[in-house]
*Asks:* 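For reference, the structure I am asking about is given below.
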Amino acid sequence: MSSKLICPASESELSQVINDASGPLTVIGAGTRGFASMNGGQTLSTRALTGIDLYEPGALTIVAKAGTPLAEIEDALAAENQRLPFEPMDHRPLLGTSGAPTIGGVVAANASGPRRIQAGAARDSLIGVRFVDGQGAAIKNGGRVMKNVTGYDLVKVMAGSFGTLGVLTEVAFKVLPGVATQACVLIDGLSNDDAVKAMSAALGSPYEVSGAAHTPAGLDGHPVTMLRLEGFADSVAYRSGRLKALLQSFGDCSVETDPEKVSAGWVWVRDVATFEGRPGDVWRLSVKPSDGPDVAARAGGDVLFDWGGGLIWALVPEGTDMRVRLADFEGHATLIRASDDTKAKLGVFHPEPAPVAALSSGLRRKFDPKGILNSGLMG
């Protein structure tokens with residue numbers, strides 16, 4: 001990353017910076033998620049664009065500038081017993097980065113945690129955006145009084161675009177009430193195949209599971225499958241009992257109700273803490289849950305399953321080309337943690353099919369005709 005850091009303090013200043021740019025810009029929030037392009041240009045950060053512009057607890061709506069620290073958003077919501085639905089991952093422990101993750105960075109990465117299986121991804125809660133495109137033009141789309149840009153659902157498009165279409169300046173979300181009670185049904189000792197079957201059974205049940213994860217090596221070194229339930233106390237107690245009975249055929253089940261232990265366990269899953277500080281590259285594999293065990297076996301290394309088996313985190317030796325190793329598997333392999341040389345050689349994101357790549361390229365030409373925003377990051 002370049003040492004030349006630009007931190008515009010307003011949307012108009014950001015527009016001027018981009019309009020005047022003659023070379024590539026590496027766009028980041030606070031740089032905690034490790035997705036910045038390595039194009040040799042100046043680094044443009046939104047960290048100075050901070051502040052909650054609008055929060056209406058009664059309407060379950062919050063609007064904030066893109067550089068606002070995620071912690072500030074979460075604290076404001078918690079004060080009203082509300083939360084972001086999608087449980088964004090904190091990449092800092094896994095990547096060894098520092099700084100304060102920003103709400104704009106969350107949107108740019110579409111960062112979504114274990115609750116995605118129930119509440120959807122970050123983009124599903126996003127209702128409005130403001131951003132500056134590659135020509136310095138300020139654009140707004142969706143949400144409260146924001147006008148639409150004809151022909152594009154830019155709210156959805158900007159989520160997960162990693163700064164390649166524009167630099168976010170403001171985001172608006174629908175939020176949810178806080179969680180009153182949570183519990184976790186635990187099954188010990190399952191193989192990866194049986195764990196995915198158990199998670200599938202739980203997710204297919206009427207008991208509203210909000211997290212389904214499996215590790216072949218938990219804190220005690222043995223396999224454990226985790227199934228989270230949330231809601232009012234009586235409901236959680238009833239559903240956890242019924243879910244335990246449903247899954248008893250898979251093995252010995254227990255129910256953890258200590259709120260601190262349950263919360264800590266799901267932060268451990270959310271932030272892939274099992275790989276923290278350990279040598280090797282980390283890949284994120286998106287697959288059909290039913291394919292998860294086979295893909296994990298082919299990937300090799302240590303793995304962690306989330307999203308009922310649809311998300312696999314894999315820790316493998318440095319320089320491993322996971323896409324070659326998995327060949328023609330149905331899914332996506334994203335390189336999350338590796339050296340700059342490995343990222344440059346293998347690419348961070350999975351190559352898109354030709355028709356999708358053509359659409360993506362067309363969007364980038366539309367919104368960044370100079371090709372200066374995180375160029376080369378996504379193809």
Side-chain angles (χ1 to χ4, degrees), residues 70-71 74-75 77-94 111-121 125 175-190 195-196 198-248 250-276 303-311 313:
L70 174 62
E74 293 179 328
D75 287 346
L77 294 173
E80 297 290 340
N81 190 31
Q82 295 182 346
R83 60 187 167 91
L84 293 171
F86 48 89
E87 202 174 4
M89 175 184 179
D90 184 349
H91 285 75
R92 289 175 296 179
L94 179 65
S112 313
R115 201 176 284 115
R116 179 175 181 168
I117 58 173
Q118 182 189 59
S125 296
V175 299
L176 289 179
V179 174
T181 304
Q182 54 182 345
C184 190
V185 175
L186 302 169
I187 314 174
D188 293 325
L190 296 187
V196 169
M199 290 189 288
S200 178
L203 291 169
S205 77
Y207 304 128
E208 300 178 40
V209 173
S210 67
H214 171 74
T215 173
L219 297 179
D220 63 357
H222 296 99
V224 60
T225 307
M226 306 165 59
L227 300 156
R228 182 176 59 187
L229 300 104
E230 299 173 310
F232 294 112
D234 289 347
S235 172
V236 169
Y238 170 78
R239 287 184 285 126
S240 59
R242 297 294 294 176
L243 185 62
K244 178 182 175 181
L246 174 70
L247 300 175
Q248 202 69 50
F250 287 96
D252 292 334
C253 296
S254 62
V255 180
E256 179 59 70
T257 58
D258 182 288
E260 291 186 2
K261 290 182 179 179
V262 175
S263 293
W266 286 97
V267 169
W268 186 87
V269 172
R270 184 197 72 186
D271 297 343
V272 199
T274 186
F275 298 159
E276 179 182 344
V303 298
L304 172 69
F305 293 82
D306 199 357
W307 299 352
L311 174 62
W313 295 91

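Each residue takes its place number in the sequence, starting with 1.
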*Asks:* For the residue pair F305 and H214, categorise the inter-ring angle as parallel (less than 30°), tilted (30 to 60°) or perpendicular (more than 60°).
*Replies:* tilted
*Asks:* Out of curiosity, D306 CG to T215 OG1, how far, rounded to the nearest 0.5 Å?
*Replies:*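 The CG atom of D306 sits 11.0 Å away from the OG1 atom of T215.
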*Asks:* Could you measure the distance from the CG atom of L203 to the CD1 atom of I117? Nearest 0.5 Å is fine.
*Replies:* 4.5 Å
*Asks:* If you compare all heavy atoms of K244 against all heavy atoms of V185, which two are closest, and at what distance to 0.1 Å?
*Replies:*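 Nearest heavy atoms, K244 then V185: CA-CG1, 4.4 Å.
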*Asks:* For S240 and A183, which heavy atoms make the closest approach, and how far apart are they?
*Replies:*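 Minimum heavy-atom separation between S240 and A183: CB-CB, 4.5 Å.
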*Asks:* Taking atom types as modelled and ignoring hydrogens, do the side chains of S210 and R228 form a donor-acceptor contact shorter than 3.5 angstrom?
*Replies:* yes
*Asks:* Side chain of D271, backbone of A273: donor and acceptor closer than 3.5 Å?
*Replies:* no
*Asks:* For the pair R83 (side chain) and V175 (backbone), establish whether a donor and an acceptor sit closer than 3.5 Å, ignoring hydrogens and angles.
*Replies:* no
*Asks:* Is there side-chain contact between L219 and W268, with heavy atoms separated by less than 4.5 Å?
*Replies:*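 When only atoms from C-beta onward are counted, W268 and L219 do touch, with a gap below 4.5 Å.
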*Asks:* Tell me if a side-chain donor or acceptor on W307 pairs with a main-chain N or O of G113 at a distance below 3.5 Å.
*Replies:*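 Yes; at least one donor-acceptor contact below 3.5 Å.
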*Asks:* Within the side chain of Q182, is there an N or O that forms a donor-acceptor pair under 3.5 Å with the backbone of C184?
*Replies:*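 Absent.
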*Asks:* Look at the side chain of R239 and the backbone N and O of E230, then say whether any donor-acceptor pair between them is shorter than 3.5 Å.
*Replies:* yes
*Asks:* Does D220 CG have over 12 foreign heavy atoms under 6.0 Å away?
*Replies:* yes
